[in-house]
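By convention in this document, chain letters (A, B, ...) are assigned in the order of the sequence lines, proteins followed by strands, and residues within each chain are numbered from 1.
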Amino acid sequence: MRIKPCGVAVLVMAAVAAPVLAHHAFSAEFDASKPIKLRGTVTKMEWINPHAWVHVDVKKPDGTVESWMIEGGTPNTLLRRGFTKNSLLHGTEIIVEGYQAKDGSLKGNGRDLTFTDGRKLFMGSSGTGAPKDGKDPTETKR
Amino acid sequence: MRLPVLASIFVILSGAAAGQTPKAAPRKATPPRTEWGAPDLRGVWDFSTLTPMERPQQLAGKEVLSEGEVAAFEKQALEAIDLDRRDGGPLIDRERAYNRFWWDYGTKVVGTRRTSLIVDPPDGKIPPLAPEGQKRASGPRQRPVRERLLIGAAPDGPEDMGLSERCILGFNAGPPLVPTAAYNNNVQIFQTPLHVALLNEMIHDARIVPLDGRPHLPSAMRQWLGDARGRWQGDTLVVESTNFTDQTGFSGSVLGRGGAGENLRLVERFTRLDADTLRYEFTVEDPTIWTRPWSASIPMKKTEGPIFEYACHEGNYSMFNILTGVRAAERAAEQAARKGAK
């Protein structure tokens, strides 16, 4: 879809003005200088508010296992969309990209949660009007 | 009440305020009624929208989008606030927090196509702060902190953190209700002949509003959510709240204009327009904080329930993590200082 340039400039700024607030500032909890990328198996999902937590066991090259806790958003949104406690089962292999907790513990925010084939967990970004990052194979090309 | 001011604005905004002026457009349908004959406001209502509270500077003077502009505005607004994008660099990427599928913000602008939810003042902006409001907004951090943790602040304990981070007040729950959060923009209304209960999904507070004409609490009694009294004005439920505290985390402060004060008088109006639409309007008067009253109009859409329990305090691991993060940073600084001293 083509949009006239003047409209773009004006409307983008308008969009930026729309607030998107979560329960807390992530800058207070996670360290932007400590990006993480983990591949592991889900051992538990805590469907709790204000933020859900996914527990993931990550096997390191030396064979030892690290148990990580990954912060997500409110489960209310997922419940409303029909997801249940069975939607992310124990043993599911996932990839987590995010940032580690400032206290140095094995916690991170689940900035980007995908299955190992690249599909996003729960529902992809398809249909949200979001720009496509190519990570979700179910996204329609445009 | 400042109806003359409001009315003059509503006349300009065709269709924005049916029922407020004699020239209002006719309603599409007779609103449903309860078994006892009152307008029926019951149900779960979704107040999410892409329309911002305040009119963006770039749209100054433009009150309403044309029909042709709506699609472009919505598309670009969704792109700008999309949380799956990874193009912001680490600082922004981290603040985008988690995937889009967790979020539940609005995807459409309001039906009137207005460029701000604020309808008065006419410029669609929260009015300037009064001197006392400026003082409070710029002064030293107060306890309890009204809103979110300041970037770079180092809390000693939970009391230094924002009311929403402490799960005391919601960042969209007000009162008044404002769609400034990216999820849980839902309210469930319960009704009896003598009471209305407003259950907000965020932070999970219910406001119980008596309709029996009883007076407000004595002025010495102050409450986080104020003290609400309701009455019917025609088919509109009018809820007037006073007895707020000067610590209230009124959502206006999220917009960067300071908190509301102990002199806040809030008037909310709920009007069922048709089966699927509840018009929610509010007027904020607090001469201690703002130089003039201001008003907003937000359409709420009927949605399927239930409201889910937010139970924010029970699982608030983030509070622990933020505090341990600050302590870890302090230890690191101390160690660095000792090393430097050697």
Heavy-atom pairs under 4.5 Å with chain A, option from Gly305(B), Ala328(B), Cys312(B) with the top count: Cys312(B)
Contact list for residues 308-329 of chain B, test salt bridge (Lys or Arg N to Asp or Glu O under 4.0 Å), sequence neighbours left out: Arg327(B)-Glu330(B)
Interface residue of largest heavy-atom contact number with chain A, from Arg96(B), Glu74(B), Glu201(B), under 4.5 Å: Glu201(B)
Contact check, side chains of Tyr183(B) and Asn76(A), non-hydrogen atoms, under 4.5 Å: no
Pairwise distance CG(Leu113(A)) to CH2(Trp102(B)) - rounded to 0.5 angstrom: 7.0 Å
Minimal non-hydrogen separation, His51(A) against Ser318(B), with atom names: CD2-OG, 3.6 Å
Under 4.5 Å from any heavy atom of chain A - which part of Asp93(B): both
Shortest non-hydrogen contact from Ala32(A) toward Pro90(B): O-CB, 3.6 Å
Aromatic ring proximity, centroids under 6.0 angstrom, Phe101(B) and Phe83(A): no
Greater than 12 external heavy atoms within 6.0 Å of Lys302(B)'s NZ: yes
Lys34(A) NZ: over 12 foreign heavy atoms closer than 6.0 Å: yes
Plane angle bin for Tyr317(B) and Trp53(A) - parallel if under 30°, tilted between 30 and 60°, otherwise perpendicular: tilted
Shortest non-hydrogen contact from Trp103(B) toward Arg81(A): O-NH2, 2.8 Å
Residue part contacting chain A, namely of Asp104(B), when any heavy atom lies under 4.5 Å: both
Closest heavy-atom pair and its distance - Phe26(A), Glu95(B): N-OE2, 2.9 Å
Gap separating the CD1 atom of Ile92(B) from the OG atom of Ser27(A), nearest 0.5 angstrom: 12.0 Å
Residue Gln57(B) excluded, over 12 heavy atoms near CD under 6.0 Å: no
Side chain, backbone, both or neither of Ile307(B) within contact of chain A (heavy atoms, under 4.5 Å): backbone
Partner chain B: residue of Ala101(A), Gly98(A), Ser105(A), Gly72(A) with the largest heavy-atom pair count (under 4.5 Å): Gly72(A)
Exercise: do Asp112(A) and Asn99(B) side chains pair donor with acceptor under 3.5 Å: yes
Derivation of the side chain to side chain contact (heavy atoms under 4.5 Å, CB included) call for Lys120(A) and Asp84(B): CA-CA 10 Å; Lys120(A) 288 187 195 298; Asp84(B) 274 348; 3.4 Å; yes
Smallest separation among heavy atoms of Arg94(B) and Phe30(A), with atom names: NH1-O, 2.7 Å
Contact leader toward chain B among Asn49(A), Asn109(A), Asp103(A), Thr77(A), where contacts are heavy-atom pairs under 4.5 Å: Asn49(A)
Rounded distance [0.5 Å steps], CZ in Arg80(A) versus OG1 in Thr303(B): 6.5 Å
Test item: Lys107(A) and Phe320(B) side chains (from C-beta on) under 4.5 Å apart, heavy atoms: yes
